[in-house]
Each structure stands twice: as structure tokens, then as C-alpha cells.
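What follows is a short report on a single structure.
For ligands, and for the atoms within them, numbers begin at 1 and follow the listed sequence.
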Amino acid sequence: MKKLLLAFGLFATAAQAKSPADSVTIRKIYTEILGNSPSYEWLRQLTKGVGPRLSGSAGAQKAVDWSKQLMEKQGFDRVFLQEVMVPHWVRGAKEVAYIQNGKQKITVPIAALGGSIATAPKGVEAPVIEVKNFQELRDLGAEKVKGKIVFFNRPMDPTKLNTFEAYAGAVDQRGNGASEAGKLGAVGAIVRSVTTAMDDNPHTGGMRYATGVPLIPTAAISTNGAELLSKSLKENANLTFYFKQNCEMLPDVKSYNVVGEIKGSEKPEEIIVVGGHLDSWDLAEGAHDDGSGCVQSIEVLRTIKALGIKPKRTIRAVMFMNEENGLRGGVGYADYAKKNNEKHIAAVESDEGGFTPRGFGIVGTAEQRAKVMPWKPLLAPYGLHDIGAGPGGADIGPLAQFGTVLFGFKPDTQRYFDFHHTGIDRFEGVNKRELELGAASMTALVYLLDQYGL
Ligand SMILES: [Zn+2]
């Protein structure tokens, strides 16, 4: 215990030694962003002006052009595109679904999952078998599943405080449900929307077919729809479910990551990345997911410039393409880094919504995390208390192979999954001040990373 106290004492001393100038700079960062940030207006342009921007769509190309022009206007040292080939999945005409319970036909909201095949043009109608997990499905066996629509109805665990943990505990149904059901001869898979909300918004999201399994169509059903279907099945196990969807996977399309850069003055070869993903789901304006992360990242560089900070290291804002249904941008970015022998010391990603900041998750060694701990007193006055081991981000994940330390920006995510991958992830759902506080916390972290390295 004494040793521990001593260790904390040392950390405190180290932090205090750094803190006078640093705390003044961090205060200036917050003053600049809370007083003058254009990031909320940028988010309006990206969500209302550009709109939905699923990989391969015209909207995605518009978002590339928009963010490139925006960063050029900021006068960053370099703005460039990195070419990546992305999947091009299209939803087609809006889906139709209903429960046929005896003579009663009840329409329910569904959304095809990204990557799914279409149903036959007339749709598919079949009896339903409800399961909570893959084991339960396997235990039923092909005999009971064949010819049916499998209904995966395990909710996100509401007792988990970390909503991302609850999400991780349920999302296998969306990602692999169709393959698991297809293997056993099912004709369709309907998945309860992965959200903590109870409403009528279906939440789409990525799925993929395992190799060698029969391909069956799959869609998300709203949580209210899932509750109704489950209740109806208890009353009448012989009811049928009908759905029709018109989606299609087209050939890959050329797209881009968009990168803005401020060159380092002392160690330009050491790169610090801050980023979000530019693509969104087709149903959404992509305000929380992840327009917020994009405009916050650009705001980090704008603020550094506006305050006349001359970073020692090179700071890059990266708008990654195709996080949602392929991660080709994140993988491609790491490939470029390898090819060009670039040295990325740290990468920060904001992809958990534009909500009130709480801290940062760190992916790195215990020694690297220990280097960050003395910065805690500098960040605590701004509500950043949750700093420690934790997830980084999907797009920056591939940089871990080079030993890059990853930081995941952590806002309050209790309401994030209300919006996630739905039509209500709109500009109106993001609060200006919360968005700016996020940008300021990311700028403060990037500033410290630049000052002290890792
Ligand atoms: Zn996202």
C-alpha cells in the first residue's frame, strides 16, 4: 500500500512539473472550441447537406469531396485521398413485413441487414421458430428448423452499465444469425434490433455469410415488433411471418479515406492520428455514427492551428471510409502506412457518438498506459475521469500491428444505441455543446500525446 502511495506521489509530481504550461494550453483549447467552434455547423452540412453515405453510394462520394474541400479550406499543410475499394450494397425498395396470425395481419417495421440477399420477388412466408442464441438453435436441429424463418430474439443485456459490452453480447445474432439458420435449412432470419430502446425503429447493421452455407435473406425487426412477434408466437405457434426485401450486392466501387495533416516541427516522422468514419448506414444521416467523430477530428487540427500551437509531431485527421460494412478504409490506411514506412505513435478514434465526454480507453502495453496516467489531473477538471485500458476503435485497430497506441474516445453512451444504425440518427439528435466538449477533449489528448510522446 505504501509503495502504491509512493508511486501515485511520483506520478503526481511528474504531472505537476508539466502542468502549469499544459493546464494553460488545455484551458485555451476548451475556450477556443466552446467559444468559436464551427464543428456543429460542419455536422449540419455533413448530415443535412450530404446526408446518408453508405460505402459505394453517391452520398459517400459527396462526403469525400465535402471533407476534402473543408480541410483544404482550413489551410492544413497537406490534404490527400487514399484510394480503397469498397463493397457496394444497396437496399432497393423499402421492405415489407407482417405477422399473419390466423385472419389477423399485423404489419411490423423491418430493415434488411447490410450484406443480405433479397427475398424472392414475391417475398417469403413461413412459420417462425424463436430462439435466444445459436446453441438453442443447434439443439433444435435441422428437422425443426427446415423451411422456417428463424427469429433471433435475445435483447441487449440491460443490466450492463457499459452499453458497448451489452451490444457486443447481442450482435452475433445480427452478424452470423443468417449463416447459423441457413445451415439448418431455414428460409429466412429475423433479428431483434440491437438496441436498448423499445420503439418502432429497425436497426440495420452489417452481416456476412459464412462460406459454403446456403444464403438466406435476413432483416432486423424493431424491438416493439420483436416483442409483438414473441407474444403472438406464445398465443399461436403456427402463425406465419412474411417479409419482402429488395437489396443487392453490386461490384466493389473505388472510394477513399480523406486525410488532413499538420506537419510536425521537430519529429515530423512521428505521426499521431485522430479520426472517425465518413460512411454511414443508408437509413441514417449518420450524425452520432459517425459524423460527430469526423467533424471532431477536423476540429482538433483546426484548433491546433487557431491557437498557433506548433506540434512537434505530425498530426493527421483521418476520415475513414467503410467502417460499417467492410472496414476497408481502416485496413487500407494501415496498408498505406506499412508501404510508406510511416511511424504511427498513437491513434485516437471517436466512434461512440457525440455525447458528453467521460474519458478514453487505451490499447497499449502497461508501460504505455502508465505514461498516460500522469496526465489525468490535467484532464479531470473537464470531466475526463474514465481513462484506462479499454477499446480503441475499429478503424484504427489495424494500426495495432505496428505497436501504435490506440485511444478510443469515450462519451456517455447510455443513449447511443437509441440512434445507432437507424433513421433517427439525425443532426437533431446531437447536442452542440456535447459535440464540442468531445472535440475539446480529443484536442487536449492529442496535445499531450504530441508534447510527451509515448
Ligand atoms: Zn460507427
Side-chain angles (χ1 to χ4, degrees), residues 43 46-47 50-57 59-60 63 67 84 86-87 89 111 113-115 156 162-168 170-171 174-175 193-196 201 203-207 220 255 257-258 273-298 317-331 333 347-355 360-361 390-398 406-427 429-430 434-435 438-439 442:
L43 185 66
L46 181 58
T47 53
V50 175
R53 43 194 186 276
L54 186 60
S55 290
S57 67
S67 50
V84 284
V86 296
W89 178 85
L113 293 178
M156 268 174 69
N162 183 331
T163 54
F164 273 82
E165 252 178 66
Y167 176 70
V171 77
R174 188 189 82 203
S193 286
V194 190
T195 175
T196 38
N201 301 307
H203 294 236
T204 191
M207 62 76 59
S255 188
N257 292 328
V258 188
V273 159
V274 59
H277 65 85
L278 198 52
D279 61 311
S280 78
W281 279 102
D282 59 322
L283 299 173
E285 286 177 8
H288 280 295
D289 189 14
D290 183 24
S292 293
C294 290
V295 301
Q296 286 170 330
S297 299
I298 301 172
V318 183
M319 313 296 105
F320 293 96
M321 182 50 71
N322 187 226
E323 189 273 344
E324 295 293 4
N325 60 338
L327 207 68
R328 304 272 184 90
V331 171
Y333 185 86
V348 183
E349 179 157 3
S350 167
D351 186 21
E352 297 194 0
F355 298 99
F360 297 95
D395 298 290
I396 58 175
L406 311 181
F407 292 83
F409 168 60
K410 270 196 208 173
D412 177 342
T413 60
Q414 298 306 324
R415 292 189 300 127
Y416 180 65
F417 290 95
D418 295 6
F419 300 97
H420 189 246
H421 299 180
T422 71
I424 63 164
D425 183 11
R426 291 189 287 254
F427 175 69
V430 176
E434 292 178 1
L435 178 77
M442 289 157 65

**For the Zn ion (ligand 1), the closest N/O/S atom belonging to D351** = OD1

**Request:** For Y416, enumerate each residue passing the ring-ring contact (aromatic ring centres under 6.0 Å, His included) test, keeping only those at least two apart in sequence or located in another chain.
**Result:** F164, H420

**Set of salt bridge (Lys or Arg N to Asp or Glu O under 4.0 Å) partners for E349, sequence neighbours left out** = none

**Request:** Starting from the Zn ion (ligand 1), look over the N/O/S atoms of H277 and name the nearest one.
**Result:** NE2

**Item:** Expected output: side-chain R174 to main-chain L113 donor-acceptor under 3.5 Å
**Value:** no

**Asked** Taking D351 for the side chain and G276 for the main chain, is one N or O donor matched with an acceptor at less than 3.5 Å?
**Response** no

**Message:** Tell me which N, O or S atom from D289 is the closest to the Zn ion (ligand 1).
**Reply:** OD1

